[in-house]
Each structure stands twice: as C-alpha cells, then as structure tokens.
Amino acid sequence: GVLVETIPNCVSVHSIKKAALQSTGAICTLKQYYIRQFGSENTNDYKSALLAFIHSLAAYSLITYVLHIKDRHNGNILIDRQGHIIHIDFGFMLTNAPGGNVYVGGLETAPFKLTHDYVELLGSRLHAESPEFVIFRSLFMAGLLALRKHHERLVLLVEATSIGFSGLPCFQGSREQVVA
C-alpha cells in the first residue's frame, strides 16, 4: 500500500522560485523568501523562522544521509508557515534511486542536500561562519553522535520495515544488503 498524508500550509521551494520568476522576472533566493514571509532579519518572526529552518535542516540532512533518501529536487522540498523544511516523497531510499532500480551512484551522489540557498540563509560566507551555521553544524554533529549511539534501534526499524512493507522498491533485492 501507499501512505498519503496532506501537509497543509506549506509551499514547495520550486513554487517559491517559480512564482518569483513569474511576478518579478528574477529568481528568488530562500533568504529573500524568508524576509518577505517573516519580516526583516532583525525581527523576532524572522529569527524564529530561521531557527525552525536550522533545526529542521539538520534533521533533514541527517535522515536523508542515513536512509539514503533520493529524489531531493525542489518540488519535493517544502517550507511551512513556521519556516521548517519538509521533505516529501520517500519513494527512493536505501538502495533505489530515480533512473534505475538499484542505486549504484546515479545522479544524486551527495549524502545530503546543502545548497547555496541553504548556506546563504544560514548566513555563512566562504571564509567566515555565521552563528546560525555554527548552530546547524553543532546540531548535525550532535545528531550523528546520537545516531551512532542508537544505531541498533535504527537498524531494527529498517529490518521491521523490510518485513512489513516488503513491497517497497528498496526491498526488492536482498533485505540483508539493504539493512547493511
């Protein structure tokens, strides 16, 4: 079976960029979008939205890295009213990817998506790191350490999923290979 859930009050990054291009003729960055939606950088609303983005980006980056989630284009990445980043469409994960049945390199070789837009929103520059980028990096590292500490639980969840949802494309090959 397929699980479908509605995620209200969100807009895809693709839609943000497309709408800006149609209305202004220029491509909109996520930072410009956040300023337009939440106010200038010194407002509490903007700071709250940025903090929501930082926390959710760290979690998103970790989970896409660990579960090898693919198909991470801007149509599958949403921003909600609070500023969180949300990934949708988990059809390609663990061992399968768009363009082939089994992931063996393919188009998406980066372990997680950290685009120029994300880095700009985090305030990082080429040779200087912003406090926001430091927070992101700290959360990401803390998450990696937590995943390492509790990796057996994650492996058990993948094993249980491989039995209960064996119809998923990622489990069509060797379950042992997927779990490994």
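One is the number of the first residue; the rest follow in order along the sequence. All figures in this text were calculated on a predicted structure; none of them were measured in a lab.
The structure places CG of L51 at 12.5 Å from CD of Q82, a figure rounded to the nearest 0.5 Å. Annotation: the span from E152 atom CD to H150 atom NE2 amounts to 10.5 Å, rounded to 0.5 Å. Atom CG of L57 is separated from atom OG1 of T115 by 8.5 Å, given to the nearest 0.5 angstrom.
Pairs passing the salt bridge (Lys or Arg N to Asp or Glu O under 4.0 Å) check and including a residue from residues 40-52, sequence neighbours excluded, read K31-E41. Applying the salt bridge (Lys or Arg N to Asp or Glu O under 4.0 Å) test to pairs two or more places apart or on separate chains, those with a residue in residues 6-28 are K17-D117.
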*asked:* Go through it in stages, so that I can follow the logic: the residues are L147 and L154, the test is side-chain contact (heavy atoms from CB on, under 4.5 Å), and I'd like the CA-CA distance, side-chain angles, deciding distance and then a yes or no.
replied: CA-CA 8 Å; L147 284 168; L154 184 60; 4.3 Å; yes

*Under the side-chain contact (heavy atoms from CB on, under 4.5 Å) criterion, do F38 and T43 qualify, and how do the steps go?*
CA-CA 8 Å; F38 303 109; T43 65; 5.6 Å; no

*Any chance you could lay out the side-chain contact (heavy atoms from CB on, under 4.5 Å) test for D80 and N9, step after step, and finish with the verdict?*
CA-CA 6 Å; D80 73 4; N9 304 316; 5.8 Å; no

*Hey, mind stepping through Y34 and T29 against side-chain contact (heavy atoms from CB on, under 4.5 Å) and telling me if it holds?*
CA-CA 9 Å; Y34 270 65; T29 67; over 6 Å; no

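Counting heavy atoms from C-beta on, the side chains of V11 and Y33 come closer than 4.5 Å. Counting only heavy atoms from C-beta outward, the side chains of I85 and L78 never approach each other to under 4.5 Å. Side-chain contact between C28 and I16 is present, with heavy atoms from C-beta onward closer than 4.5 Å. Between R137 and E129, some side-chain heavy-atom pair lies under the 4.5 Å cut-off. When side chains are defined from C-beta on, I79 counts as touching V13, because their heavy atoms get closer than 4.5 Å.
Residues H84 and S56 approach most closely at CA-OG, 3.4 Å, considering heavy atoms. Closest of all the heavy-atom pairs between S130 and G123 is CB-O, 3.2 Å.
In this structure, V134 is not a member of the same hydrophobic cluster as L139, with clusters built from ILVMFWY side-chain heavy atoms closer than 4.5 Å.
For L144, the side chain to side chain contact (heavy atoms under 4.5 Å, CB included) criterion is met by L62, Y65, F140, M141, not counting sequence neighbours.
Aromatic rings from F53 and Y118 are positioned such that their centres are separated by under 6.0 Å.
Counting non-hydrogen atoms of other residues, nucleotides and ligands closer than 6.0 Å to CZ of R36 gives a total above 12.
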